[in-house]
Amino acid sequence: MKEEKTEKKSLQGALFVIIRALTVLTVAMIFFPIANPAKVCGVISNKISLFTSAISYNSLLPSPVRIIRSGQMDEMVIIIAYIGVLIAFIGILGIAAGACCSLGNLKLQRLGFIFSAIGSVVEIVGCVICYVAYIEVQNGDPRFLKKIDPEVPVGVFVYGIMAAVILIATIVLIVTMPKASKDMRYEMESRFKLFLMFLPFAFLAFLFSYLPLYGWRYAFFDYQSGGTLTADNFAGLKWFTYLFENKMVRSDVLNVMKNTLGISGLNVITTWLPMIFAVFLCEVGSMKFRRFVQAFTTIPNFISWVLVYAVALSIFSTDGFINTFAVQAKLITQNEAKNYLMGDSLVWVKMWGWGTWKGIGWSAIIYIAGISGIDQSLYEAATVDGAGRFQKIRHITLPGLLPTFFVLLLMAIAGILSNGLDQYLVFENADNHDKMNVLDLYVYHLLGNDQIPLSTVVGMFKSVISIVLLFMANGVSKLLRGESIV
Amino acid sequence: MAKTAQEKIDAKKEKEYYKKHKKMYRTKPGDVIFNIVNYLFFGIFTFTCIFPFYYLFINTISENELVKRGMINFYPMTGSPENPHFGAMLKNYIAMTEVGDLGTAFIVTVTRTVIGTALMVLASAFVGYLVTKQEMWHRKFFYRFLVITMYFNAGLIPWYLNMDLLGLTNNYMAYIIPMIVQPYNIILVKTYIESIPGELEESAFIDGASYMVVFRKLIWPLSKPILATIAIFGAVGHWNSLQDSLLLMTGNSSLFTLQHRLYNYLNESSNLGTLMSQGVSGQAAQQAMEQALNSKVIKYTVAMVSVIPIFCVYPFMQRYFEKGIMLGAVKG
């Protein structure tokens, strides 16, 4: 008797696991273009997922629209497919709600079964409607069938079968589970409650941080924007070798790496500047002056690079402050006025200079806080021992700031490939392009030139190297200081 | 408070000590030179941080003809080129309101900053609270799941294709939804909430409060300082963001942000007066606009329009800087 009961319990447990796992799988799958039930013919883009097609009818339309206009295909087909996919989407929301409820007590679980059952039925109905759309496509004008290219929507079966399994499992559970008594209340263990409250945010993180990794597949195809990813244009590692074998691209990449490492290198070897800035600012006696300097040197940090460029234009361009002032002071004539932002001399230094101007006041704050954290009695003792200003700086302040400096230095080294796009985008012009072209800008321009696979490859290399560098920096930090930085 | 006898004695001793070692504390000539150089350096550097903005500003409030001739260098002037005199006007700013696309860009930027920041702060506070709860199902795993996203990045193209996949191109929501979950801010809030005494929460639970009630009535009000900090950084981020507008809104210019517009104006080499006067109807009005606005002034005025809000909130921001950056140094 008892054994039977435990057996029953374990069966129910297994069914719950099946329902939840399938629900999670279904929800994750709706964001992937593979197995979109609405893809009933070849002319519908195979880049759109169930989610995209369900939230906007217009996403289904663009590719077939020409064929529809020319009367070769009935728009009804697309409408039916859209209705189907929308219904399926609503059904999926239902089973998701059901799976959430299944974490609660008996009463909540029984409510969840209703959601799951209705949701899966609705989902199956949606899939069937999509299949109807497919049959409609086949029944279209046979002359154009080859162009329209009817395609069995695999998604219909994938989603349909998963929904059917959920439905069966739910029915079994409804039958075998005891009924909840009337005076029972909807309740859930707090650990699951917390989990469910957290879930939407984890989901957002999945959508915007993890899902983009799926885009790395473009690196393995011959892809042009508006095209499709099929087995035909699968290119294997072509783009990876292309990067090294094609002469043009190789010289481009070498130049880009030179610029990236050059500018980042300047930044890395001057990581100590904010520290010195802070140290000397703290030597300023007047508190008021110190506050004033701190307030105004941090402002540029909050200004966007576009605005920095506007500032640069107003000061350094042909009709900017420096030139007009010099002309008025009769130092130069109007014709000698020159645009300091054009030209390719000292581009790296200039970029480093703008970055430093923008960031030094801000970066100094952490050191200033560090200095105020140093034990004042150390300074007093040093004064008593006759130490001068610079001796105190050298033997007390700098050693006190060293751990902070070390962390920031490691972070700077870890970020050596990430210069950021905005700065180089705004300061770039035809003259200085060759010296300005850093990795981020290069990738951006590749996107503009419709070189999606190649730029994906470059981006992949960048991401992987960056994360390796970060962990190496972390390892160094652990080794030397016994403390990790990430 | 009255000093104790011991303290009085200590103070006296200290004074005597200073008197005795006066020589050591005397200002040396080296110090004087050091101070002069130091003050001078910081004075000049601060000047370079303020002056460009001041220069932009005086050019936008001066007579445009004078600006065109490059006569405005240190203070605003109005009047004819032959007879300039000190003065100011707001004509350019009023003209800006008549340029159609700038108005929409301003509205888009302001609404995204307000809505986006509000949602981000709300989400950070809530998630930050949730991840402090030890009893959460697989808390550690899910916390790491969030935090690890700070350290990797799929890259520009996959990001773009993903946004396209989610139907977020040419869609206002692309400004809001991706910015809601910010792991770094969540860590900041979590660290802060952990510093709040746990007894407060416990007693609320004993009184029968639910998680939501505790969050609303207790955690939210208590963590306001850190929420203000992340709100400031979030708002500045929203206000300054260029990349999402530049890459995602290519098909719908009414969704451009202010930074994107400014970027376009700065890059535009043709006569901007013509371009911008399209927002005004009527031949006469167009000509008047063209006369009123030369390209240099337009650039400067648009720049000022997008920089003034930052200057306005800056004094309030300053209070929270140090707190933010120091908390950031503490890892989660």
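A, B, ... follow the sequence lines: proteins, then strands. Residue 1 opens every chain. Atom set for the values below is all heavy atoms of this structure, side chains included, hydrogens, waters and symmetry mates excluded.
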task: Test ring pair (Phe, Tyr, Trp, His ring centres under 6.0 Å) on A:F471 and B:Y151 and set out the steps.
output: CA-CA 10 Å; A:F471 280 105; B:Y151 301 117; 7.2 Å; no
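- Using bins of under 30°, 30° to 60° and over 60° for the plane-to-plane angle, the ring pair B:W137/A:F192 lands in the tilted bin.
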task: Would you check, one step at a time, whether the test ring pair (Phe, Tyr, Trp, His ring centres under 6.0 Å) holds for A:F280 with B:F34?
output: CA-CA 10 Å; A:F280 282 96; B:F34 176 85; 5.7 Å; yes
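- Between chain A and the residues B:L146, B:V147, B:N59, the most heavy-atom pairs under 4.5 angstrom are made by B:L146.
- Counting only distance, with no hydrogens or angles, the side chain of B:N38 and the backbone of A:L281 share no donor-acceptor pair below 3.5 Å.
- Side chains of B:Q259 and A:S304: a donor on one and an acceptor on the other come within 3.5 Å.
- Taking CZ of A:R290 as the reference point, atom OH of B:Y39 lies at 8.5 Å (rounded to 0.5 Å).
- One distance of note links OG1 of B:T46 with CZ of A:F296; it measures 9.0 Å at 0.5 Å rounding.
- Between the side chain of B:T149 and the backbone N or O of A:S209 there is no donor-acceptor pair closer than 3.5 Å.
- By the neighbour-count criterion of 12 heavy atoms within 6.0 Å, atom CZ of B:R144 is sparsely surrounded, having that number or fewer from other residues, nucleotides or ligands.
- In terms of modelled atom types and a separation under 3.5 Å, the side chain of A:W216 and the main chain of B:P158 share no donor-acceptor contact.
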field: CA sep, side-chain torsions, deciding dist, call: A:T298, B:Y314, side-chain hydrogen bond (donor to acceptor under 3.5 Å, both in side chains)
entry: CA-CA 10 Å; A:T298 37; B:Y314 188 74; 2.5 Å; yes
